Amino acid sequence: MAKKESTFTNMVLTLFLVALGASAAMGFVYELTRDGIAKAEAAKLDLAIKRVVPEFTNEPGKEFFKLTDTDGENLVFYIAKSDQDTIGYAIETYSKNAFGGMLRLLVGLRPDGTIHGVAVLEHKETPGLGTKMTEEPFQSQFPGKKYPPEVTVSVTKDRGDIDAITASTITSRAYCEAVDKAIKAFYSLNSDKGGAK
Amino acid sequence: MSQWKNITKGFVRENPVFVLFLGLCPTLGTTGSAINGIGMGLATTFVLVMSNGAISLFARFIPDKVRIPSYIVIIASFVTIVDLLMKAYANTPGPNGEPSLYDNLGLFIPLIVVNCIVLGRAEAFASKNSVFASLIDGLAIGLGFTFALFLLGSVREILGSGSIFNQKFIEGDGMLVFVLAPGAFLALGYLIAIMHIVKKRYTNS
Amino acid sequence: MEYILIIIGAVFVNNILLSQFLGICPFIGVSNKVDTAMGMAGAVTFVMVIATIVTYILQQYVLEPLGIGFMQTVSYILVIASLVQLVEIILKKVSPSLYQALGIFLPLITTNCAILGVALLTFQKEFNLLEGVVYAFANAIGFGLALVTFSGIREQLELADIPKGMKGVPIAFIIAGILAMAFMGFANIV
């Protein structure tokens with residue numbers, strides 16, 4: 001079969017057919033993977049929540065509410081329950097002042113405000129320096145601590161009680177700032193409700 | 001025999017990275033670790049094989065003047081397909097919350113579409129050869145690319161993190177610079193120089 | 001203030017060539033002479049800004065209303081490819097002198113991943129149109145800065161005595177590595 005001539009009709013027809021075939025193929029795969037993608041995203045969040053709150057029996061990924069802070073950003077509260085009792089909150093929080101810009105954390109609090117665990121959701125820190133925030137001993141400074149509403153979570157340089165990562169003070173400060181944001185939001189929520197805590 | 005030669009060409013003689021200097025952006029951008037390099041290489045290989053096959057199948061129906069746009073659409077569709085598949089099935093974070101392969105490769109997956117290797121093979125090989133030969137060609141060049149990325153990723157991971165495939169073999173940190181941006185350039189520069197010397201020895205003897 | 005941060009961030013801190021690895025092919029390919037590097041930088045600036053505007057409009061008014069975000073890659077690359085053709089044709093008619101200077105680089109730009117990369121990043125960073133334009137322009141400047149500096153060094157290199165195995169591309173990469181290290185010094189300023 002001879003090569004098609006480059007006439008106008010031929011060109012338009014070819015491009016149309018190629019685009020049609022391509023769109024059909026993409027649409028098909030999109031439908032095929034839609035469930036998988038949704039599942040993968042949900043599993044990702046679920047895994048992070050599991051690491052920061054006590055063992056739960058509900059689906060915190062589906063039980064959440066949002067709180068808009070003064071900068072217009074959202075803090076998301078995921079509620080972990082065992083049977084009917086609320087056993088903790090996983091709070092998605094952030095700091096814009098990290099070394100690489102945005103830092104997103106998931107802070108797990110027990111109902112009385114004690115930190116259960118902290119997980120890093122998203123960061124752009126320098127490998128080997130700022131990334132030490134995901135490792136011991138920095139990580140283990142948080143679980144089990146309870147900060148009263150009037151105390152700010154901060155590094156020792158700022159008169160706080162968190163030892164900063166060597167050579168990564170900016171990252172450590174941003175980390176503390178994000179944790180502090182979550183705790184403050186937690187308390188403001190409880191006082192709004194007229195809570196006793 | 002000729003097919004065998006066709007397969008091996010991608011590794012040394014026509015290695016897209018070390019010899020032809022094509023596809024350098026993902027080569028530098030995704031080789032912070034061996035596993036990322038292999039992941040990127042295989043994603044590109046998939047696109048290469050599929051687009052080579054599709055283009056060799058349809059090439060004779062496509063008028064010359066709209067050849068390039070048609071090829072780009074075909075390649076971009078396969079890239080989108082890889083992107084969707086990886087988003088669904090290569091998107092599980094590690095046990096300690098390490099980012100998933102999909103998150104690590106990030107922007108470089110959609111950018112496969114502008115990888116000169118893919119369009120280059122479509123134009124230079126697939127449009128003129130049989131479907132079978134084009135599939136083999138795509139596989140050969142793709143695996144050669146994967147090999148290059150794996151090599152560079154391993155070197156950078158061993159020197160930079162003191163680990164291979166995430167298995168640490170020394171305590172503490174490695175030479176951090178190799179994981180960071182400058183190390184990508186340095187490591188690739190030295191690898192190409194070594195390739196030059198090896199090739200020269202090989203052709204002399 | 002926000003815009004200044006975007007500019008400094010894109011030109012120095014996250015330089016598109018030296019820290020994001022986008023557009024490496026022309027970085028190695030057309031950096032032998034300062035003149036050609038300047039031409040390439042000009043062409044990239046031109047196309048990058050226009051491409052970012054057009055893809056932004058496409059994203060906002062076509063892809064999102066129709067809910068076909070997964071066709072982003074295909075539609076972006078098609079728009080960029082046709083845009084480059086269009087710019088080439090218009091430039092030829094309107095300003096032959098500018099075409100003389102930039103023309104030969106234009107066909108190379110379609111497969112320059114910096115263009116598609118910046119268009120995609122503008123979407124990912126959720127910039128508005130003005131921020132997107134500033135971001136694209138700053139990235140183009142960063143691209144030009146790194147490319148011209150690099151080609152200046154490579155011109156001098158012609159006179160240097162380099163070990164045989166390192167000649168050509170290998171030494172270019174080593175220099176790029178050292179340049180990237182220098183740019184890492186900017187890391188603190190934003």
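It should be emphasised that the depicted structure is a prediction, and the values quoted were computed from it without experimental measurement. Every chain is numbered from 1, with letters handed out A, B, ... down the list of sequences.
Side chain of B:Thr31 to backbone of B:Gly153: no donor-acceptor contact under 3.5 angstrom is found. Side-chain atoms of B:Lys87 never come within 3.5 Å of backbone atoms of B:Val82 as a donor-acceptor pair (strictly under, hydrogens ignored). With B:Glu157 contributing its side chain and B:Ala34 its backbone, the two residues share a donor-acceptor pair below 3.5 Å.
Heavy atoms of C:Leu18 lying under 4.5 Å from chain B belong to its backbone as well as its side chain. With a 4.5 angstrom heavy-atom cutoff, B:Leu28 touches chain C via backbone and side-chain atoms both. Only the side chain of B:Phe108 comes within less than 4.5 Å of a heavy atom of chain C; its backbone N, CA, C and O stay farther away. Using a 4.5 Å cut-off between heavy atoms, C:Val74 touches chain B through backbone and side chain atoms alike.
Interface summary for chain C: among B:Val114, B:Ile192, B:Val79, the most heavy-atom pairs under 4.5 angstrom belong to B:Val114. Counting heavy-atom pairs under 4.5 Å between each of B:Ile197, B:Leu191, B:Leu188 and chain C puts B:Leu188 at the top. Taking C:Ala180, C:Pro170, C:Ala172, C:Ser19 one by one and counting their heavy-atom pairs under 4.5 Å with chain B, the maximum is reached by C:Pro170.
Using a 4.5 Å heavy-atom cut-off against chain B, the contacting residues of residues 113-132 of chain C are C:Cys113, C:Leu116, C:Gly117, C:Leu120, C:Leu121, C:Gln124.
For the residue pair B:Thr30 / B:Asn36, no side-chain donor-acceptor distance below 3.5 Å is found, with atom types taken as modelled. In summary, the side chains of B:Asn129 and B:Asp137 do not present any donor paired with an acceptor at a separation below 3.5 Å, with no hydrogens or angles considered.
Taking the six-membered ring where tryptophan is involved, the planes of C:Phe186 and C:Phe183 are perpendicular, since the angle between them exceeds 60° and thus also 30°.
Among all heavy-atom pairs drawn from B:Val49 and B:Leu139, the shortest one is CG2-N, 3.5 Å.
The structure places CG of C:Leu145 at 13.5 Å from CZ of C:Phe150, a figure rounded to the nearest 0.5 Å.
Taking the six-membered ring for Trp and the full ring otherwise, B:Phe147 and B:Phe150 have centroids separated by 6.0 Å or more.
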